[in-house]
K.L.:
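Take this structure first; my questions come after.
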Amino acid sequence: MKLNLLSCDAAKPDKRAIAQCISEISLNISDSLASELTDILLEGDAVDIEIGDKNSGSALRAFRKLSIDYEIIE
């Protein structure tokens, strides 16, 4: 499943938690790349990631918990 992470609406976003969530849930994304993607997301640009189908439910819950808006691409 592909997701487009649109924005983070948290008052004080936890960069470390977001980066960790992206690296754990995404396919083929390292910790350093997840950190870079988090910075891009928090600057206001959208980020595309791919997650495994078996992780999709927990991934969507985790992103909602972190106040991240997303859209499902596929």
K.L.:
How about Lys2 and Asp48: do any of their side-chain heavy atoms sit closer than 4.5 Å?
P.N.:
no

K.L.:
Can any side-chain N or O of Thr38 pair as donor or acceptor with the backbone N or O of Ala34 at less than 3.5 Å?
P.N.:
yes

K.L.:
Could you state whether Phe63 and Leu6 fall into the same hydrophobic cluster, counting links through intermediate Ile, Leu, Val, Met, Phe, Trp or Tyr residues with side-chain heavy atoms under 4.5 angstrom apart?
P.N.:
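In one cluster: no.
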
K.L.:
Atom CD1 in Ile72, atom OG in Ser56: separation rounded to 0.5 Å?
P.N.:
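Between Ile72 CD1 and Ser56 OG, I get 8.0 Å after rounding to 0.5 Å.
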
K.L.:
Nearest 0.5 Å please: distance from the OG atom of Ser26 over to the CD1 atom of Ile49.
P.N.:
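Ser26 atom OG to Ile49 atom CD1 measures 3.5 Å (nearest 0.5 Å).
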
K.L.:
Should Ile73 and Ile25 be regarded as members of a common hydrophobic cluster, given that ILVMFWY residues are connected when their side-chain heavy atoms come within less than 4.5 Å of each other, either directly or indirectly?
P.N.:
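Different hydrophobic clusters.
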
K.L.:
Grouping I, L, V, M, F, W and Y whenever their side-chain heavy atoms are under 4.5 Å apart, do Leu33 and Leu27 come out in a common cluster?
P.N.:
no

K.L.:
Hey, does Leu3 have a side-chain heavy atom less than 4.5 Å from the side chain of Ile51?
P.N.:
yes

K.L.:
How many angstroms lie between CD1 in Ile29 and OG in Ser35, if you round to the nearest 0.5 Å?
P.N.:
12.0 Å

K.L.:
Are a donor atom and an acceptor atom from the side chains of Asp9 and Ser67 found within less than 3.5 Å of each other?
P.N.:
no

K.L.:
Within this structure, what is the SG-OH distance for the pair Cys8 and Tyr70, rounded to the nearest 0.5 Å?
P.N.:
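Result: 13.5 Å between the selected atoms.
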
K.L.:
Nearest 0.5 angstrom please: Leu5 CG to Asp45 CG, how far?
P.N.:
12.0 Å

K.L.:
Quick one: pull up CG in Asn4 and CG in Asp69 and give me the separation to the nearest 0.5 Å.
P.N.:
11.0 Å

K.L.:
Is there a path from Leu60 to Ile18 through hydrophobic residues (I, L, V, M, F, W, Y) whose side chains come within less than 4.5 Å of each other?
P.N.:
yes

